[in-house]
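Report on the following structure.
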Amino acid sequence: MDRRSFIKSAGALSVAAATHSLWLGNAFAAEAEKPKKGGHLVVGVDNASSTDRLDPAFWFETYMYFVGSQMFNNLVEIDENARLAPSLAEAWASTDGSKTWVLKIRQGVQFHDGRSLGAKDVVYSLNHHRGEKSTSPVKGYLDTVSSIEATGDHEVTVKLTAPDVEFVWLLSAVHFAITAENENFDKGIGTGAFILEKFQPGVSTLTKRNPNYWNSERGHVDSVETLAMNDSTARVAALVSGSAQLINRVNPRIVSRIERMPNLKLVRAKDSMIYTFPGLSNLAPFDNVDGRLALKYAIDRQKIIDTVLGGYASVANDNPIFPSNRYFAKDIPQRPYDPEKAQFHWKKSGFSGPLTLNVADAGFPGAVDAGQLYQQSAAKAGINLNVVRVPDDAFWNDIWQKKAFVSSNWANRPTADALLSLVFTSQSSWNESAWHVPAFDAMVKAARGEPDEARRRQIYHDIQVMLVDQGSEIIPLYADALDGCSAKIKGFTSVPGMPLSGNRAAEKVWIEG
């Protein structure tokens with residue numbers, strides 16, 4: 001679900017992970033067109049809440065990812081080619097078999113209040129997620145960290161208890177924003193392209209351009225107003241009327257309408273999210289493989305894509321690893337919709353039903369319609385699937401991880417390990433299918449530290465086979481991220497697997513005319 005989309009990415013290992021001892025760094029790619037300075041940008045974004053905070057340890061939704069990225073920078077980010085790119089860290093290298101990572105921090109960077117960025121600020125910001133009482137979504141990403149130290153004015157050394165060849169990729173997660181040492185994150189003081197003017201949780205956020213922004217390639221508009229627009233119809237209406245110049249999550253059913261308007265354009269990031277139906281593996285019928293297989297064979301994936309998403313998705317095979325990921329297992333046979341096999345496994349499972357599927361569009365856009373189509377296809381296999389629509393505002397707190405069968409979604413992640421560790425390992429607090437398999441945990445750990453590329457690829461292949469054949473999540477499709485904007489908006493590029501240009505559209509775009 002979008003509340004967990006840490007800066008989404010796919011793609012290859014960073015060269016840093018592959019070459020270990022080399023210092024890395026590359027300049028940001030220049031825009032093909034010369035940016036125009038000035039103007040007021042109005043953006044409509046969903047998943048806002050009256051409980052939103054500026055502290056990244058409490059970001060769970062798209063709205064705060066986008067707003068937070070205006071004020072804060074990360075050490076690294078994902079670029080338009082799905083590669084790891086420098087941000088506040090200019091270069092990085094690993095030693096000790098990927099157990100020690102040293103990051104060179106960019107010099108000459110100022111926080112919004114005039115303080116200079118240094119290594120101690122980075123140490124403080126990363127440790128913000130590590131505290132014993134921390135509930136940060138990315139706390140688990142730092143479980144193997146034994147120490148984070150400033151080993152120079154602009155050098156940070158991170159020591160791990162176990163090898164992790166892709167550790168720096170994790171630091172691109174949106175939550176790893178950097179503020180000044182001992183500063184309260186809720187003040188919004190960062191090094192980002194925009195300075196906070198006004199924050200009204202669940203309503204709107206106003207920021208102004210940072211005149212001292214370190215990245216001269218970005219930060220073109222004078223101000224950004226980010227409106228909380230949880231209703232998809234309202235967002236599109238705002239775009240059409242011109243009261244918003246940029247919106248996220250365009251309903252696939254009205255894409256053709258936008259495409260017919262010469263003053264509007266669509267930005268599509270293919271295979272950006274997985275839409276899922278997790279079943280709690282400790283409850284029937286998910287407590288045995290036959291029950292899981294029955295429900296995997298009982299869903300007509302292509303029909304959901306065609307009917308609910310207007311074709312803006314691709315069929316998934318109950319595999320959470322995205323096709324754009326270098327470790328995606330292409331050779332696993334696609335599981336078809338097969339009512340006869342579904343009926344066979346259902347009877348073998350010993351569960352007579354009915355089974356209740358709790359859905360809300362908060363789980364994923366179109367989840368209610370998708371659930372009803374699932375109900376119809378399952379009925380042909382003799383599976384009595386009772387679909388219950390639940391309120392969006394209560395879904396994540398009262399339904400998700402509490403009911404046996406629900407709707408959900410996950411965005412792409414910086415690495416395969418980042419997603420697997422977050423959603424499927426036994427100790428993860430977001431293990432939405434209660435998937436507790438020691439052998440699986442061991443494979444994830446082994447892949448994380450395996451320096452040999454061929455061996456690591458084989459481990460990830462075995463992991464995917466296990467999830468496809470035994471996992472307790474039905475993953476019918478990979479959905480595209482569809483953002484819409486005015487034709488006057490320039491510089492809005494698609495970042496693979498990420499909406500809103502990797503959450504940084506505000507600092508990348510400019511307004512023509």
Side-chain angles (χ1 to χ4, degrees), residues 1-2 10 46 232-233 235-236 247-261 264-278 293-324 328 330 332-343 357-383 385-387 389 405-412 468 473-484 494 496-497 499:
M1 55 192 153
D2 248 4
D46 68 348
S232 61
T233 302
R235 287 196 305 279
V236 172
I247 64 170
N248 77 317
R249 198 175 284 185
V250 175
N251 189 322
R253 294 179 176 178
I254 63 170
V255 163
S256 59
R257 177 186 174 189
I258 291 179
E259 290 178 330
R260 289 196 298 268
M261 296 183 179
L264 302 178
K265 58 184 178 181
L266 192 75
V267 179
R268 177 185 184 184
K270 188 171 174 57
D271 295 342
S272 292
M273 306 183 75
I274 48 174
Y275 289 177
T276 73
F277 293 111
L293 286 174
L295 290 162
K296 290 178 178 181
Y297 279 116
I299 188 167
D300 191 334
R301 304 160 196 266
Q302 190 61 54
K303 189 171 184 178
I304 291 176
I305 291 173
D306 295 340
T307 306
V308 180
L309 288 101
Y312 287 94
S314 56
V315 173
N317 196 23
D318 308 311
N319 182 1
I321 303 302
F322 287 70
S324 53
F328 176 71
K330 300 178 181 179
I332 302 177
Q334 174 64 50
R335 180 174 288 112
Y337 170 50
D338 191 329
E340 290 186 5
K341 284 187 177 180
Q343 188 174 50
L357 173 62
N358 294 274
V359 294
D361 283 347
F364 63 78
V368 176
D369 293 338
Q372 292 171 347
L373 289 174
Y374 195 176
Q375 181 183 49
Q376 295 170 14
S377 63
K380 296 178 181 179
I383 298 175
L385 189 60
N386 180 32
V387 177
R389 180 173 189 169
F405 200 24
V406 302
S407 59
S408 181
N409 78 82
W410 293 95
N412 209 339
V468 170
E473 294 226 16
I474 289 82
I475 306 175
L477 58 91
Y478 302 102
D480 300 343
L482 301 172
D483 301 324
S494 173

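- No more than 12 heavy atoms of other residues, nucleotides or ligands shown are found within 6.0 angstrom of CD on Glu340.
- Rounding to the nearest 0.5 Å gives a distance of 6.5 Å between NZ of Lys296 and CD1 of Ile474.
- Residues passing the side chain to side chain donor-acceptor pair (under 3.5 Å) test with Thr307: none are found, sequence neighbours excluded.
- To the nearest 0.5 Å, the span separating CG on Asp306 from CZ on Arg301 amounts to 14.0 Å.
- Relative to the ring axis of Tyr297, Arg335 places its NZ or CZ within 45° and under 6.0 Å from the centre.
- Side-chain N or O atoms of Gln334 include one that pairs as donor or acceptor with a backbone N or O of Ala316 at under 3.5 Å.
- With hydrogens and angles disregarded, no donor-acceptor distance shorter than 3.5 Å links the side chain of Asn317 to the backbone of Asn319.
- Atom OH in Tyr478 sits 10.0 Å away from atom CG in Asn412 (nearest 0.5 Å).
- For the pair Gln375 and Val359, the minimum side-chain heavy-atom distance is 4.5 Å or more.
- Taking all atoms of both residues into account, the shortest heavy-atom contact from Arg253 to Val308 is NE-O, 3.8 Å.
- The environment of NZ in Lys303 is sparse: at most 12 heavy-atom neighbours from other residues, nucleotides or ligands sit within 6.0 Å.
- Counting heavy atoms of neighbouring residues, nucleotides and ligands inside a 6.0 Å radius, atom CZ of Arg257 does not exceed 12 of them.
- Rounding to the nearest 0.5 angstrom, the gap separating the CD1 atom in Ile247 from the CG atom in Asp483 is 8.0 Å.
- Nearest heavy atoms, Ala298 versus Ile383: CB-CD1, 3.9 Å.
- In terms of heavy atoms, Ile274 sits closest to Phe322 at N-CZ, 3.7 Å.
- The two residues Ser314 and Lys270 have their closest heavy-atom pair at CB-NZ, 4.3 Å.
- Inter-residue side-chain proximity for Asn248 and Pro499 is flagged as unmet; no heavy-atom pair is nearer than 4.5 Å.
- Exactly one residue among Asp480, Leu264, Leu266, Val267 makes a side chain to side chain contact (heavy atoms under 4.5 Å, CB included) with Val250. That residue is Leu266.
- Taking every heavy atom of both residues into account, Ala381 and Pro339 meet most closely at CB-O, 3.4 Å.
- For Phe364, the ring-ring contact (aromatic ring centres under 6.0 Å, His included) partners are Tyr275, Phe277, not counting sequence neighbours.
- Expressed to the nearest 0.5 Å, how far CG of Leu477 lies from CD1 of Ile299 amounts to 8.0 Å.
- Listed for the Tyr337 side chain is a donor-acceptor partner under 3.5 Å among the backbone atoms of Ser377.
- Heavy-atom minimum distance, Ala367 versus Ala360: CB-O, 3.3 Å.
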What do the steps show when you test Val315 against Ile305 for side-chain contact (heavy atoms from CB on, under 4.5 Å), and what is the final call?
-> CA-CA 8 Å; Val315 173; Ile305 291 173; 3.6 Å; yes

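- Between the side chain of Tyr374 and the main chain of Ile304, no donor-acceptor pair closer than 3.5 Å is present.
- Looking at Asn251 and Arg235, their side chains never come closer than 4.5 Å, going by heavy atoms from C-beta outward.
- Side-chain contact between Arg260 and Ser256 is present, with at least one heavy-atom pair separated by less than 4.5 Å.
- With values rounded to the nearest 0.5 angstrom, Ser408 atom OG is found 9.5 Å from Ile475 atom CD1.
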